[in-house]
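Step one of this worksheet: look at the structure below.
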Amino acid sequence: MSTYVYGITARSHPALPEGMTGVGEPPRTVRVLTAGELTALVSDAPEDLRPKRRDLLAHQNVLAEASAGGCVLPMRFGSVAADDDAVTQVLTERSEHYLERLRELDGKVEYNVKATHIEEAVLHLVMAENADVRALAEANRRAGGGGYDDKIRLGEMVAAAVKAREAEDAQEVQGLLAPVASAVSVGPESTGWLLNVSFLVARSSAEDFLATAEQVRKSHAHLDLRVNGPLPPYSFVEPGPAQPAGSTAGADAGAQ
């Protein structure tokens with residue numbers, strides 16, 4: 001039977017509550033696999049595992065319970081190995097990397113920040129900042145709306161200005177939040193979001209990070225800014241020792 005992996009901890013990590021269960025129907029019992037100074041939190045993997053709400057919550061619950069006792073390198077939902085031996089082999093082969101990550105991530109959590117433009121607000125901003133757009137819009141208004149070509153040209157100018165503003169806003173928001181974080185992980189581009197970035201934050205600095213995010217929200221009224229966290233540091237399991245803390249890692253990276 002294949003093995004489902006929830007996360008990786010130090011061997012000295014406190015034991016989970018006896019009888020704790022995870023994914024599957026019926027829920028599979030969570031157990032530990034140890035190799036050297038590392039332990040993997042695992043269970044038998046269901047054959048028909050899907051990202052259903054119950055299983056997603058079960059995965060998160062195991063990580064939350066483990067995190068209460070110390071640092072855990074969280075695996076993303078659906079991380080399955082061929083068997084127990086495959087898991088312990090990876091722990092052995094990558095022990096130096098995982099131990100470095102456990103040291104670096106100890107006492108830290110992840111906050112994911114996404115942002116998008118509020119359409120009406122950003123259009124007003126673009127019009128206020130761009131004299132050429134204002135001039136063409138005014139010329140079209142005086143001409144009773146303008147001809148077809150003028151309307152197309154205005155639409156293209158507005159779209160280009162909004163696109164440029166997206167890049168500027170993404171860079172600015174990241175720049176304002178990064179100083180309050182230990183590391184930054186830029187996520188993949190996704191439809192509808194101009195910003196998708198995760199920040200590694202010390203638990204002791206979480207209030208400062210959230211306060212800074214609120215200041216950014218108030219000072220950028222044309223943005224819909226959403227902060228999700230605290231989360232297990234999914235986006236920071238990688239990089240390894242070759243990339244020091246503070247470097248940018250892919251937000252979809254995870255332990256393999």
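Annotation: E119, atom CD; neighbour count of heavy atoms from other residues, nucleotides and ligands within 6.0 Å does not exceed 12. Environment of CD in E214: crowded, with over 12 heavy atoms of neighbouring residues, nucleotides or ligands closer than 6.0 Å. More than 12 heavy atoms of other residues, nucleotides or ligands lie within 6.0 Å of CZ in R54, so this atom counts as buried by the packing criterion.
R94 contributes no side-chain N or O that, together with a main-chain N or O of T92, makes up a donor-acceptor pair within less than 3.5 Å. Between the E110 side chain and the Y234 main chain, a donor and an acceptor come within less than 3.5 Å of each other. Looking at H13, its side chain never comes within 3.5 Å of a backbone N or O of V72 through a donor-acceptor pair. With hydrogens and angles disregarded, a donor-acceptor distance shorter than 3.5 Å links the side chain of N196 to the backbone of P188. With hydrogens and angles ignored, the 3.5 Å screen pairs a side-chain donor or acceptor of R11 with a backbone N or O of G36. R203 places no side-chain N or O within donor-acceptor distance of the main-chain N or O of V109, the cut-off being under 3.5 Å.
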After noting the C-alpha distance and the side-chain angles of E25 and K52, does the key distance pass the side-chain contact (heavy atoms from CB on, under 4.5 Å) rule? CA-CA 11 Å; E25 187 57 49; K52 300 175 183 177; over 6 Å; no
Show the numbers, then the answer: is there a side-chain contact (heavy atoms from CB on, under 4.5 Å) between V227 and F199? CA-CA 10 Å; V227 180; F199 297 87; over 6 Å; no
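For N112 against S198, the heavy-atom pair with the smallest separation is ND2-OG, 3.2 Å. Residues R31 and D44 share a closest heavy-atom pair of NH2-OD1, 2.8 Å. Closest heavy-atom contact between M75 and L63: O-CD1, 4.2 Å. Contact detail for Y111 and P230: the closest heavy-atom pair is CE2-N, 3.6 Å. In this structure, V201 and V180 approach most closely via the heavy-atom pair CG1-O, 4.3 Å. Considering every non-hydrogen atom in both T21 and V30, the closest pair reads C-CG2, 3.7 Å.
Considering only heavy atoms from C-beta on, L125 stays 4.5 Å or farther from H117 through its side chain. Counting heavy atoms from C-beta on, the side chains of E100 and E96 never come closer than 4.5 Å. Side-chain contact check for R28 versus P46: some heavy-atom pair is nearer than 4.5 Å.
Ion pair R101/E104 not flagged as a salt bridge, since none of the NZ, NE, NH1 or NH2 atoms sits closer than 4.0 Å to an Asp/Glu carboxylate oxygen.
Of the inter-residue distances, the one linking E166 atom CD with L223 atom CG reads 10.0 Å to the nearest 0.5 angstrom. Between the CD1 atom of I8 and the OG1 atom of T39 there is a distance of 10.0 Å, given to the nearest 0.5 Å. For the atom pair CG of L105 and SG of C71, the computed distance is 5.0 Å after rounding to the nearest 0.5 Å. Distance NZ/K218 to CG/L225: 13.0 Å, rounded to 0.5 Å. For the atom pair CG (D224) and CG (L195), the distance works out to 11.5 Å, reported to the nearest 0.5 Å. Put simply, CG on L38 and CG on L33 are 12.0 Å apart, with the number rounded to the nearest 0.5 Å.
For the residue pair T3 and D84, a side-chain donor N or O sits within less than 3.5 Å of a side-chain acceptor on the partner.
Checked against L41 for a side chain to side chain contact (heavy atoms under 4.5 Å, CB included), the options T9, V5, L73 give a single hit: T9.
Transitive grouping of hydrophobic side chains (ILVMFWY, heavy atoms separated by less than 4.5 Å) brings M20 and V32 into a common cluster. No chain of hydrophobic side-chain contacts below 4.5 Å, direct or via other Ile, Leu, Val, Met, Phe, Trp or Tyr residues, connects L231 to V62. A continuous path of ILVMFWY side-chain contacts below 4.5 Å connects L56 to V80, so both sit in one hydrophobic cluster.
Pairs passing the ring pair (Phe, Tyr, Trp, His ring centres under 6.0 Å) check and including a residue from residues 24-54, sequence neighbours excluded, do not occur. Applying the ring pair (Phe, Tyr, Trp, His ring centres under 6.0 Å) test to pairs two or more places apart or on separate chains, those with a residue in residues 17-63 are Y4-H59, Y6-H59, H59-F77.
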